[in-house]
Engineer: 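Let me give you the structure first, and then I'll get to my questions.
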Amino acid sequence: MNAISYLSGGTFHRYSLFGINILVHGKTGAIWQLDDLSWKLLDGQSAEPEGDALAELAAIASEARQAEERFAKQGALYAENLEEGPTHLKSLCLNVAHDCNLRCKYCFAGKGAFGGERGLMSSEVGKAAIDLLMQLSGPRQNCEADFFGGEPLLNWNVVKELVSYGKEQAAEYGKQLQFTLTTNGLLLDDEKLAFINEENMGLILSIDGRPEVHDRMRPDLGGSGSHSRVLAKIKEAVAKKADDNWWVRGTYTSWNLDFTQDVKFLVEAGFSNISLEPVVTDEEYQLREEDLPKIEREYERLASYYLQRQREGKPFSFFHFNFDLAKGPCLAKRLLGCGAGHAYLAVSPRGDLYPCHQFVGQEAYRIGTVFQGIEKPELGDRFRQAHIFNKEKCRSCWAQLYCSGGCHANALAKNGDLMLPDELGCRIQQKRLECAIVIHVLTSAHAQIPA
Ligand code: SF4
Ligand code: SF4
């Protein structure tokens with residue numbers, strides 16, 4: 001097969017953005033920047049090989065073939081290598097409060113059912129969860145636990161108790177345990193911020209961006225908007241945070257497909273670590289396939305704004321544009337994905353275990369309890385086997401080693417099938433990745449950032 005037909009088929013993907021021509025090899029994750037002549041030749045816009053274009057494409061094809069051979073030797077192209085050996089638990093999502101002081105529409109708390117159970121986690125349940133993490137993490141040195149809800153600050157005394165218990169246990173087991181707290185910020189005060197700093201905890205602070213966007217989705221118990229109070233609190237939290245281990249995190253819906261404006265609002269409010277996630281819901285504000293052209297254009301607009309801030313020497317971090325070719329996730333993580341159900345588990349207030357926070361309260365996905373341990377190992381195995389080699393769609397996808405197979409919860413919610421990734425989620429993931437790669441190219445040392 002000649003170089004052009006080889007580079008045009010399989011899991012190769014080419015695209016052009018902001019005048020940068022990119023070729024990605026899905027199977028190995030290799031990325032090349034093409035000059036215009038090679039691009040035209042590969043794209044069929046030029047029948048005549050000009051200059052060194054053909055030689056360049058032949059060199060790229062040879063590199064790609066060698067990379068494939070290397071991967072094959074490492075055993076990274078075959079499913080059975082992923083399914084051998086034990087998986088060790090790494091992270092817990094501790095739902096310490098199934099209660100909240102807000103009623104955000106896209107949260108279970110906003111619907112009033114609290115995933116079937118309202119209440120706070122006792123320290124007994126939390127400690128049993130940490131014991132389980134210590135036991136099931138085997139030889140892993142670094143473990144993580146996220147305090148989540150509802151609003152975890154409603155159960156602050158238990159949070160504090162679990163942090164000190166967790167640190168003691170980690171020391172006994174010779175491990176490191178990193179804690180994170182996901183909060184709407186309203187109950188943060190000096191005492192809590194001092195504790196968070198002393199314990200080097202990470203912070204995820206929930207805010208959606210512009211006041212009207214946030215207030216429409218995140219009312220308080222009386223139905224009033226929460227934006228001004230949340231903004232004041234999280235500004236204070238970020239100002240007092242002793243390290244850079246924090247993110248402001250929002251959600252966008254079909255009601256704010258111009259979400260670059262929300263990111264701009266957050267940047268101009270002084271936040272430099274920003275994440276904005278697409279909503280997953282079947283409510284009226286859900287994202288639909290017909291929204292995709294707008295969503296894709298909006299990510300390009302966001303990438304353009306991101307580059308503009310870089311040029312002006314006022315950069316910010318956008319979670320999904322963070323892309324480090326040299327220090328990306330290890331190969332196992334790239335192949336196995338988020339780890340839900342085997343490396344990552346969520347714990348409900350009464351101690352039931354689920355594959356991740358999105359499944360809490362769904363009886364069919366209750367995998368065990370903190371007291372009895374894993375009672376349905378076959379459920380964890382199903383999640384573990386839902387990796388890119390076993391999903392037909394992922395095997396032929398150019399983004400496979402960067403996306404790692406998508407979100408299991410989305411696949412089940414949209415398609416009722418763990419092995420069938422949600423198309424909308426895939427397209428959003430691919431678009432973010434296209435932008436991230438070009439941003440990486442344009443912001444690498446010596447690159448000129450075009451106006
Ligand atoms: S989940 Fe979608 S985007 Fe991700 S690797 Fe699979 S097919 Fe590609
Ligand atoms: S299944 Fe989806 S929501 Fe759950 S941990 Fe994985 S990526 Fe996150």
Side-chain angles (χ1 to χ4, degrees), residues 10-13 15 24-29 76-77 79 82 87 89-95 106-108 115 144-146 148 180 182 204 247 249 251 275 277-281 289 292 295-296 299 319-320 328-329 331 333-348 353-362 364-365 367 379-380 382-437:
T11 58
F12 284 98
H13 171 66
Y15 68 98
V24 187
H25 186 202
K27 253 189 186 169
T28 62
L77 295 177
L82 288 180
T87 302
L89 186 61
K90 178 177 177 29
S91 315
L92 284 182
C93 176
L94 297 167
N95 277 23
Y106 28 58
C107 174
F108 63 85
E144 295 158 5
D146 182 25
F148 202 75
T180 303
T182 299
I204 312 284
W247 289 89
R249 183 196 185 281
T251 301
S275 164
E277 304 295 328
V279 72
V280 178
T281 183
E289 294 219 12
L292 259 173
I295 295 172
E296 290 180 336
Y299 277 113
F319 184 78
H320 291 290
L331 190 57
K333 173 114 200 310
R334 287 187 185 204
L335 300 170
L336 280 165
C338 66
H342 51 101
Y344 171 64
L345 293 173
V347 186
S348 75
L353 298 168
Y354 297 90
C356 87
H357 54 284
Q358 292 281 354
F359 294 92
V360 171
Q362 295 184 48
Y365 290 97
I367 199 166
L379 189 54
R382 268 181 58 208
F383 277 77
R384 191 177 171 209
Q385 282 165 26
H387 54 66
I388 55 173
F389 294 133
N390 284 341
K391 294 187 201 176
E392 206 181 327
K393 189 173 175 188
C394 301
R395 277 202 307 270
S396 57
C397 173
W398 67 269
Q400 55 184 265
L401 287 182
Y402 296 101
C403 159
S404 313
C407 169
H408 303 310
N410 282 7
L412 282 162
K414 289 288 175 70
N415 297 324
D417 185 346
L418 206 51
M419 307 306 271
L420 202 57
D422 162 41
E423 177 61 18
L424 189 77
C426 291
R427 296 279 297 276
I428 290 175
Q429 173 71 323
Q430 290 164 348
K431 189 68 205 177
R432 289 189 303 216
L433 190 53
E434 284 188 352
C435 293
I437 291 171

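Nothing here was measured: the structure is a model prediction, and the numbers come from that model. The basis for the numbers below is simple: all heavy atoms, side chains too, and nothing from hydrogens, waters or symmetry mates. Atoms within each ligand, like the ligands themselves, are counted from 1 in listed order.
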Engineer: Considering only heavy atoms of Tyr344, which atoms of ligand 2 have at least one such atom less than 4.0 Å away?
Structural biologist: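 Taking each heavy atom of Tyr344 in turn, ligand 2 has 5 (S) under 4.0 Å.
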Engineer: How far is atom 2 (Fe) of ligand 1 from its nearest protein heavy atom, and which residue and atom name does that atom have?
Structural biologist: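 Here the closest protein heavy atom is Cys426 SG, 2.3 Å.
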Engineer: Under 4.0 Å from a heavy atom of Pro421: which atoms of ligand 1 are those, numbered in the order shown and with their elements?
Structural biologist: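 In order of number, 1 (S).
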Engineer: Please answer whether the main-chain N or O of Tyr106 pairs with a side-chain N or O of Thr281 as donor and acceptor at a distance below 3.5 Å.
Structural biologist: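 Not a single qualifying donor-acceptor pair exists.
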Engineer: So, taking the atom named NE2 in His408 and the one named NE2 in His387, what distance separates them when rounded to the nearest 0.5 Å?
Structural biologist: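 Here the interatomic distance stands at 10.0 Å.
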Engineer: Glu144 side chain to Ser91 main-chain N or O, any donor-acceptor pair under 3.5 Å?
Structural biologist: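 No; judged by distance alone, with no hydrogens or angles, the pair does not exist.
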Engineer: Using heavy atoms and a threshold below 4.0 Å, how should the contact between Cys394 and ligand 1 be classified: side chain, backbone, both, or neither?
Structural biologist: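 Both of them.
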Engineer: Considering heavy atoms of the protein only, find what lies nearest to atom 8 (Fe) of ligand 1 and give residue, atom and distance to 0.1 Å.
Structural biologist: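 Of the protein heavy atoms, Cys397 SG, 2.4 Å lies nearest.
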Engineer: Roughly how far apart are Leu433 CG and Cys426 SG, rounded to 0.5 Å?
Structural biologist: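 Taking CG in Leu433 and SG in Cys426, the distance rounds to 12.0 Å.
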Engineer: In terms of residue, atom name and distance, what is the protein heavy atom nearest to atom 4 (Fe) of ligand 1?
Structural biologist: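 Its nearest protein heavy-atom neighbour is Cys403 SG, 2.2 Å.
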Engineer: Hey, is Gln430 touching ligand 1 through its side chain, its backbone, both or neither, going by heavy atoms under 4.0 Å?
Structural biologist: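 Answer for Gln430: side chain.
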Engineer: Got a donor-acceptor contact below 3.5 angstrom from the Asn415 side chain to the Leu420 backbone?
Structural biologist: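 Pair found, side chain donor or acceptor close to backbone of Leu420.
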Engineer: I need the atoms of ligand 1 closer than 4.0 Å to a non-hydrogen atom of Lys393, numbered in the order shown.
Structural biologist: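 Checking each atom against Lys393, I get 7 (S).
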Engineer: Could I get the full list of side chain to side chain donor-acceptor pair (under 3.5 Å) partners for Gln358, not counting sequence neighbours?
Structural biologist: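 Testing Gln358 for side chain to side chain donor-acceptor pair (under 3.5 Å), a comparison that skips the adjacent residues, returns none.
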Engineer: How many angstroms lie between atom CD of Glu423 and atom CD1 of Ile428, to the nearest 0.5 angstrom?
Structural biologist: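 So the gap between those two atoms works out to 10.5 Å.
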Engineer: Using a cut-off of 2.8 Å, how many protein N, O or S atoms sit around atom 2 (Fe) of ligand 2?
Structural biologist: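 Protein heteroatoms (N, O, S) closer than 2.8 Å to atom 2 (Fe) of ligand 2 number 1.
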Engineer: Using distance alone, with no hydrogens and no angle criterion, decide if His320 and Glu277 have a side-chain donor and acceptor under 3.5 Å apart.
Structural biologist: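 Result is yes, a qualifying pair exists.
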Engineer: Could you check whether any side-chain N or O of Lys431 sits under 3.5 Å from a backbone N or O of Ile295, counting only pairs where one atom can act as donor and the other as acceptor?
Structural biologist: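 No, because the side chain of Lys431 does not come within donor-acceptor range (under 3.5 Å) of the backbone of Ile295.
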Engineer: Which residue supplies the protein heavy atom nearest to atom 5 (S) of ligand 1, what is that atom called, and how far is it?
Structural biologist: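 Nearest neighbour among protein heavy atoms for atom 5 (S) of ligand 1, to 0.1 Å: Gln400 CA, 3.5 Å.
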Engineer: When rounded to the nearest 0.5 angstrom, what is the spacing between CD in Glu296 and CD in Gln430?
Structural biologist: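 Output value for this atom pair is 8.5 Å.
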